[in-house]
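Working notes, structure below.
Each residue takes its place number in the sequence, starting with 1.
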Amino acid sequence: MATYLLVHGAWHSGQVWERVVPLLAAEGHRVYAPSLTGHGEKAHLLGPGVGLDTHVDDIVRLITDEDLTEVVLVGHSYAGLVVSAVANQVPDRIGHLVHLDAMVPADGETAADIQPVSRALIDRALASESGWRVPPLPELPPPYGLFGVTDPADTAWLRGLLSDQSVRSFQQPVHLDNPAVHTIPRTHIHCVAHVPEGVVRRPVPATQQVWELPTGHDCMITMPAELTGLLLKLG
């Protein structure tokens, strides 16, 4: 039995994994898909002080409270920053690190350093009435859709679980100062269909494996069985 810990991206919640969790569990694995502070059932906790460090603490606390080891830690999108920092703090508890169409940071980098399009989101939030709220990205014309989701029913469902993000989560740098983090095996899963203009993807070192899914960004909605099949190879 493997332990999978699935971490959602910005604006989403743990609910976004609901098509993947039962597929992994059906194979006898233990699966966690928490909502980060400020999202899902924790949306009421959102505030200007919630940032990347808050989300890292969420996941580290879950791992230590549940005494999880050999975790297959999956970070989607923005959560690439989260899982990288978590692995830096508790490398001995991580069996495999998975960047799912995710930001891949170097030490000291922020979301804006990795995805320059994030800078516009930060600037708009700082200039807004709240001064810190970043609303979910809008739905784009086909074939891009809402985070790569184009089916009308799926789009409506996804829209219902999205919520604002705190700008602080895009401003705080990732700390990767533990040499042990570099010994953790890593896999990158890229969603390669209809990538919006301005989104950049960094080269992956030859020592790390890369898989591709022919779908949009929120592959856990559009290709849950295929994604699960890839994740099961790591358990």
Exercise for the section: Taking atom types as modelled, find out whether Thr54 and Asp57 have a side-chain donor-acceptor pair closer than 3.5 angstrom. Expected result: no
For residues 224-235, dump all side-chain donor-acceptor pairs below 3.5 Å to protein atoms at least two apart in sequence or in another chain.
from	atom 1	to	atom 2	distance (Å)
Thr228	OG1	Pro224	O	2.7

Practice task
Check whether any side-chain heavy atom of Tyr32 sits under 4.5 Å from a side-chain heavy atom of Val71, and report yes or no.
Solution key: no
Exercise for the section: Starting at NE2 of His190, measure out to SG of Cys219 and round the result to the nearest 0.5 Å. Expected result: 11.5 Å
Exercise for the section: Can you see which heavy atom on Pro173 is nearest to which on Gly108, and at what distance? Expected result: CB-O, 3.4 Å
Completion exercise
So CD1 of Ile189 and CD of Gln209: to nearest 0.5 Å the spacing works out to 8.5 Å
Practice task
Compare all side-chain heavy atoms of Leu36 with those of Ile59 and state whether any distance is below 4.5 angstrom.
Solution key: yes
Handout entry: Set of side chain to side chain donor-acceptor pair (under 3.5 Å) partners for Arg168, sequence neighbours left out
Key = none
Exercise for the section: Could you list who else is in Val210's hydrophobic cluster, with ILVMFWY side chains joined at under 4.5 Å, directly or through other members? Expected result: Val204
Practice task
Using the rule that two of Ile, Leu, Val, Met, Phe, Trp, Tyr join whenever any of their side-chain heavy atoms come within less than 4.5 Å, decide whether Tyr144 and Ile221 are in one cluster.
Solution key: no
Practice task
Please check if Leu45 and Val50 belong to a single hydrophobic cluster, counting links between Ile, Leu, Val, Met, Phe, Trp and Tyr side chain heavy atoms closer than 4.5 Å.
Solution key: no
Completion exercise
Heavy-atom closest pair (Ala193 atom, Pro214 atom, distance to 0.1 Å) is CB-C, 3.8 Å
Problem - Note, Thr155 side chain near Leu158 side chain (heavy atom, < 4.5 Å) - result: no
Exercise for the section: Report whether Val56 and Val104 are members of the same hydrophobic cluster (ILVMFWY, side-chain heavy atoms less than 4.5 Å apart, transitive linking). Expected result: no
Fill in the blank from the handout: Connected to Val195, directly or through other members, by ILVMFWY side-chain contacts below 4.5 Å are Val199
Problem - Close side-chain approach of Pro34 to Leu5, heavy-atom, < 4.5 Å - result: yes
Handout entry: Note, Val21 side chain near Leu6 side chain (heavy atom, < 4.5 Å)
Key = yes
Exercise for the section: Among His8, His12, Glu41, find the one that has a side-chain hydrogen bond (donor to acceptor under 3.5 Å, both in side chains) with Ser35. Expected result: Glu41
Problem - Donor-acceptor pair, side chain of Gln172 and main chain of Leu52, under 3.5 angstrom - result: yes
Exercise for the section: Quick one: closest heavy-atom pair of Thr187 and His96, and the distance? Expected result: OG1-NE2, 2.7 Å
Exercise for the section: Report yes or no: does Asp218 contribute a side-chain atom to a donor-acceptor pair with the main-chain N or O of Met220 at less than 3.5 Å? Expected result: no
Problem - Interatomic distance, Leu140 atom CG to Thr150 atom OG1 [nearest 0.5 angstrom] - result: 12.0 Å
Completion exercise
CG (Leu146) and CD (Glu139) are apart, to the nearest 0.5 Å, by 5.5 Å
Fill in the blank from the handout: So salt bridge (Lys or Arg N to Asp or Glu O under 4.0 Å) across residues 63-88, not counting sequence neighbours, yields Asp67-Arg93
Practice task
Decide yes or no for Leu73 and Val98: does some side-chain heavy atom of the first lie under 4.5 Å from some side-chain heavy atom of the second?
Solution key: no
Fill in the blank from the handout: Between the CD1 atom in Ile184 and the CD atom in Gln208, the distance rounded to the nearest 0.5 Å is 11.0 Å
Handout entry: side chain to side chain contact (heavy atoms under 4.5 Å, CB included) between Asp58 and Val7, intermediate numbers included
Key = CA-CA 10 Å; Asp58 288 340; Val7 187; over 6 Å; no
Exercise for the section: Flag the pair Val134 / Ser166 as yes when at least one side-chain heavy-atom distance between them is below 4.5 Å, and no otherwise. Expected result: no
Exercise for the section: List for me each residue that meets ring-ring contact (aromatic ring centres under 6.0 Å, His included) alongside Trp11, sequence neighbours excluded, and say none if there are none. Expected result: Phe147, Phe170
Fill in the blank from the handout: Residue set satisfying salt bridge (charged side-chain N to carboxylate O under 4.0 Å, His left out) with Asp123, at least two apart, ordered chain then number -> Arg119
Practice task
Would you please name every residue forming a ring-ring contact (aromatic ring centres under 6.0 Å, His included) with His188, sequence neighbours left out?
Solution key: His99
Handout entry: Val20-Leu23 co-clustered via ILVMFWY side chain contacts under 4.5 Å
Key = no
Problem - Minimal non-hydrogen separation, Met1 against Gly28, with atom names - result: CG-O, 2.9 Å
Exercise for the section: Give me the other members of the hydrophobic cluster that Val200 sits in, counting Ile, Leu, Val, Met, Phe, Trp and Tyr linked by side-chain heavy atoms under 4.5 Å, directly or via other members. Expected result: none
Exercise for the section: Provide the full list of side-chain hydrogen bond (donor to acceptor under 3.5 Å, both in side chains) pairs with a residue in residues 14-29, sequence neighbours left out, each pair given once. Expected result: Arg19-Asp154
Handout entry: Spacing of Thr222 atom OG1 and Leu213 atom CG [to the nearest 0.5 Å]
Key = 8.0 Å
Handout entry: Closest non-hydrogen atom pair between Gly95 and Pro185, with its separation
Key = O-CD, 3.5 Å
With a cut-off of 3.5 Å and sequence neighbours excluded, list every side-chain donor-acceptor pair involving residues 77-90.
from	atom 1	to	atom 2	distance (Å)
Ser77	OG	His217	NE2	2.9
Tyr78	OH	His55	ND1	2.8
Ser84	OG	Gly80	O	2.7
Asn88	OD1	Asp177	N	2.9
Asn88	OD1	Asn178	N	2.8
Asn88	ND2	His175	O	3.1
Asn88	ND2	Asp177	OD1	3.0

Handout entry: Exercise: do Gln171 and Thr110 side chains pair donor with acceptor under 3.5 Å
Key = no
Handout entry: Joint cluster assignment, Val149 & Leu162, ILVMFWY side-chain distance < 4.5 Å
Key = yes
Practice task
Measure the shortest side-chain to side-chain distance between Met103 and Ser118 over non-hydrogen atoms and say whether it is less than 4.5 angstrom.
Solution key: yes
Completion exercise
For residues 182-210, the salt bridge (Lys or Arg N to Asp or Glu O under 4.0 Å) pairs (sequence neighbours left out) are Asp101-Arg201, Glu109-Arg202
